[in-house]
Amino acid sequence: MIDPLLLRTQLEATAAQLARRGFALDTVALAALEAERKQVQTATQELQNLRNTRSKAIGQAKAKSEDTTALMAEVAGLGDRLKADEQRLGEIQSRLAEIALRVPNLPDASAPEGRDETENVEQRRWGTPRVFDFPVRDHVELGVHDGGLDSEAGARLSGTRFTVLRGGVARLHRALAQFMLDLHTTEHGYTECNVPLLVNPEVMQGTGQLPKFEEDLFATQVGDTRRYLIPTAEVALTNLVRESILEAAALPLRMTAHTLCFRAEAGSGGRDLRGMIRQHQFEKVELVSVVRPVDSAAEHERMTRCAEVVLEQLGLPYRRLLLCTGDMGFAAAKTYDLEVWLPSQNTYREISSCSDCTDFQARRMQARWRNTDSGKPELVHTLNGSGVAVGRALVAVMENYQNADGSITVPEVLRPYMGGAERIG
RNA sequence: GGAGAGGUGGCCGAGCGGUUUAAGGCAGCAGUCUUGAAAACUGCCGUGGGCUCACGCCCACCGAGGGUUCGAAUCCCUCCCUCUCCGCCA
């Protein structure tokens with residue numbers, strides 16, 4: 001959520017900033033609703049004040065055994081008026097909150113203005129795509145051999161966009177996750193966390209998935225209790241600081257988790273249907289940082305580097321994009337995407353996304369820190385990044401390390417996790 | 001799932017219809033004293049919100065949500081969570 005004060009006091013300027021990312025704020029409706037809120041809230045508080053002072057007077061009169069009938073007459077009917085006003089105020093405020101919860105974050109000044117992914121700005125490249133002296137196979141072909149990558153089996157069990165992994169491919173997948181987790185915990189200063197995959201609706205609202213993106217989520221219902229499957233560990237890790245006040249010394253807080261992720265992928269019909277690029281269930285190693293506001297820009301660069309190091313150690317060519325305003329996620333003020341080279345597609349494909357969410361999630365979660373200068377609790381800044389997507393890393397390793405006979409060379413850094421094996425398949 | 005005990009400010013803890021404007025203590029911050037420190041003493045010290053140029057004034061919050069009442073931390077109802085024991089279980 002952006003600062004509601006902006007919607008009250010700088011409505012037009014805020015609308016202009018949101019327009020940069022293609023979000024149309026209905027300023028006329030908002031201004032009218034806000035004027036009504038102001039009027040009703042003032043009236044309600046005046047009535048509450050009247051009730052409080054009268055009630056106190058009755059108490060004092062009774063203590064002195066004085067007659068209270070005159071005072072009692074004064075408050076007659078006040079309760080009903082108050083109840084009506086309070087209800088009306090509550091309705092206005094929840095309408096305002098509903099609007100505010102659906103407004104995306106303000107884009108950072110350094111995010112280039114643009115409509116969609118075609119206007120993202122490439123920042124750098126690392127590595128040189130390998131030149132093959134044999135016909136390149138894609139990961140689906142490479143995986144069919146011994147059923148190492150079996151989407152038919154996945155479909156039989158659960159439908160489209162589910163895959164079964166077996167044997168060396170399954171182990172390579174596991175090795176990738178282990179390698180990433182070890183790298184981030186031992187080299188990059190992140191604390192390993194193991195988190196619930198099912199979370200309650202408040203948590204989903206905290207990081208911005210609800211109320212706007214419900215159709216992208218898988219949900220469970222047991223009795224009256226509704227829980228959602230996390231679409232990313234960002235949800236669980238970031239919400240660990242919800243409704244808390246952190247000491248300044250506890251920051252920066254850096255956490256990582258390897259989890260399953262579940263996405264309904266509504267609205268992506270037909271895209272990337274082949275193979276493991278876009279699945280309903282996939283694994284990811286996630287990085288989350290909670291920092292002081294002044295530190296978030298630097299932390300964003302640092303986090304993105306942590307993700308890049310994964311690809312560099314795996315020897316996978318990649319490029320870094322600075323996302324334009326129109327391609328950023330709901331909660332992000334600024335985002336870098338990392339795209340890995342896929343020989344079969346002769347292009348770079350997204351494998352990581354690192355976002356600075358500034359105070360947007362913190363405000364929804366009421367996550368604060370105690371500023372030692374002011375002594376007051378202030379909102380933290382939160383950041384999240386994939387470090388990196390395991391399924392897509394598997395695809396990238398299979399394709400970039402393939403051999404003419406259809407086998408796959410195991411990248412050096414993964415061999416300790418593969419019992420020393422140098423190739424699979 | 002069953003039985004019992006609890007949820008009050010950063011922490012401990014009193015309050016169980018109206019002198020509560022949430023006592024008191026601890027921790028913290030500032031000051032006095034001191035060569036310095038400690039002790040002692042004095043003051044400050046929850047969160048969110050509204051109105052105001054401002055000084056300030058006001059509203060809400062005692063696990064959550066309802067209810068009773070002129071008035072609720074306190075009484076009633078529903079729910080949640082924590083702890084102890086029992087049961088079940090990877």
Side-chain angles (χ1 to χ4, degrees), chain A residues 1-11 30-31 33-101 194-206 220-227 239-251 253 260 359-380:
Chain A
M1 206 159 61
I2 64 172
D3 189 346
L5 209 56
L6 291 174
L7 297 177
R8 283 204 290 269
T9 60
Q10 299 174 49
L11 187 55
L30 208 52
L33 198 55
E34 171 55 25
E36 194 182 356
R37 190 225 94 232
K38 190 168 176 172
Q39 188 263 318
V40 174
Q41 181 160 350
T42 307
T44 304
Q45 292 190 349
E46 273 170 18
L47 274 184
Q48 286 172 328
N49 185 18
L50 182 63
R51 178 203 60 195
N52 291 347
T53 50
R54 295 299 84 180
S55 293
K56 194 172 290 180
I58 291 171
Q60 283 164 356
K62 286 211 168 182
K64 290 184 235 162
S65 307
E66 291 171 359
D67 180 45
T68 57
T69 47
L71 283 166
M72 297 288 261
E74 266 190 81
V75 290
L78 199 140
D80 288 341
R81 279 164 61 205
L82 191 54
K83 192 171 285 185
D85 272 15
E86 281 173 345
Q87 192 183 341
R88 194 158 149 239
L89 180 61
E91 280 163 13
I92 294 167
Q93 279 176 331
S94 40
R95 273 164 68 198
L96 280 166
E98 210 162 289
I99 293 170
L101 282 171
N194 192 292
V195 295
L197 305 181
L198 286 164
V199 299
N200 58 43
E202 294 72 40
V203 166
M204 281 296 182
Q205 181 168 299
T220 65
Q221 184 105 24
V222 177
D224 293 331
T225 306
R226 194 168 175 80
R227 291 193 184 89
N239 275 281
L240 285 174
V241 297
R242 69 179 292 115
E243 288 163 42
S244 60
I245 300 172
L246 301 161
E247 292 306 321
L251 304 177
L253 189 60
L260 286 160
D359 61 11
F360 185 84
Q361 295 177 323
R363 184 172 292 105
R364 288 169 163 250
M365 297 188 299
Q366 279 307 301
R368 292 161 295 169
W369 67 295
R370 195 169 291 279
N371 186 334
T372 41
D373 292 335
S374 66
K376 295 287 177 192
E378 297 172 13
L379 294 170
V380 295

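A quick note: this is a predicted structure, and the numbers were derived from the prediction, not measured.
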With a cut-off of 6.0 Å (strictly less than), are more than 12 heavy atoms of other residues, nucleotides or ligands near CZ of A:R51? yes
If we take the [atom1] atom in both [N] and [M], what is their distance in whole Å?
| N | M | atom1 | value |
| --- | --- | --- | --- |
| B:rG65 | B:rG7 | C1' | 16 Å |
| B:rC70 | B:rG1 | C1' | 45 Å |
| B:rU74 | B:rG67 | C1' | 15 Å |
| B:rU68 | B:rU19 | P | 23 Å |
| B:rC26 | B:rU42 | P | 12 Å |
| B:rC62 | B:rG10 | C1' | 16 Å |
| B:rU52 | B:rC59 | C1' | 15 Å |
| B:rC33 | B:rG46 | P | 28 Å |

Checking all strands, does A:R368 fall into the base, sugar-phosphate, or nothing category for heavy-atom contacts under 4.0 angstrom?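 A:R368: backbone/sugar contact only, no base atoms under 4.0 Å.
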Do [X] and [Y] come close enough that some side-chain heavy atom pair is under 4.5 Å?
| X | Y | result |
| --- | --- | --- |
| A:L96 | A:L30 | yes |
| A:V203 | A:N200 | yes |
| A:L240 | A:L253 | no |
| A:M204 | A:V199 | yes |

Check salt bridge (Lys or Arg N to Asp or Glu O under 4.0 Å) between A:R37 and all other residues, then give those that pass, not counting sequence neighbours.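 Only A:E34 meet the salt bridge (Lys or Arg N to Asp or Glu O under 4.0 Å) criterion with A:R37.
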Contacts table for residues 84-95 of chain A: side-chain donor-acceptor under 3.5 angstrom, sequence neighbours left out:
| residue | atom | partner | partner atom | Å |
| --- | --- | --- | --- | --- |
| A:E86 | OE2 | A:Q48 | NE2 | 2.9 |
| A:Q93 | NE2 | A:Q41 | OE1 | 3.4 |
| A:S94 | OG | A:G90 | O | 2.8 |
| A:S94 | OG | A:E91 | O | 3.2 |

N/O donor-acceptor pair under 3.5 Å between A:S244 side chain and A:A367 backbone: no
Give a yes or no on whether the backbone of A:L50 and the side-chain of A:T53 come within a donor-acceptor separation of less than 3.5 Å.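 Judged by distance alone, yes, a pair lies under 3.5 Å.
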Which nucleotide of RNA chain B is the first, and which the last, in the 5' to 3' direction, to come under 4.0 Å of a heavy atom belonging to chain A? B:rG18 to B:rG71
Pairing pattern in dot-bracket form [Watson-Crick, G-U; both distances under 3.5 Å; | = partner strand] for RNA chain B: ((((((((.[[[..)..(.....]]].(((((.......))))).((((((....)))))).[[[[[..)....]]]]])))))))....
Do any pairs count as a salt bridge (charged side-chain N to carboxylate O under 4.0 Å, His left out) and have a residue in residues 359-368 of chain A, sequence neighbours left out, and if so which ones?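 Every pair satisfying salt bridge (charged side-chain N to carboxylate O under 4.0 Å, His left out) with a residue in residues 359-368 of chain A: A:D359-A:R363.
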Residue closer to the 5' end of RNA chain B, A:Q60 versus A:Q93 (nearest nucleotide):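 It is A:Q60, whose closest nucleotide lies nearer the 5' terminus.
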Please figure out whether A:P377 or A:M72 has its closest RNA chain B nucleotide nearer the 5' end.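 Final value for this comparison: A:P377.
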Mind listing the closest non-hydrogen atom pair of A:L251 and A:W369 along with its distance?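 Scanning both residues, the minimum pair turns out to be CD1-CB, 3.6 Å.
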Please list, by residue number, the residues of residues 48-58 of chain A whose heavy atoms come closer than 4.0 Å to an atom of RNA chain B; answer none if no residue qualifies. A:Q48, A:N49, A:R51, A:N52, A:S55, A:I58
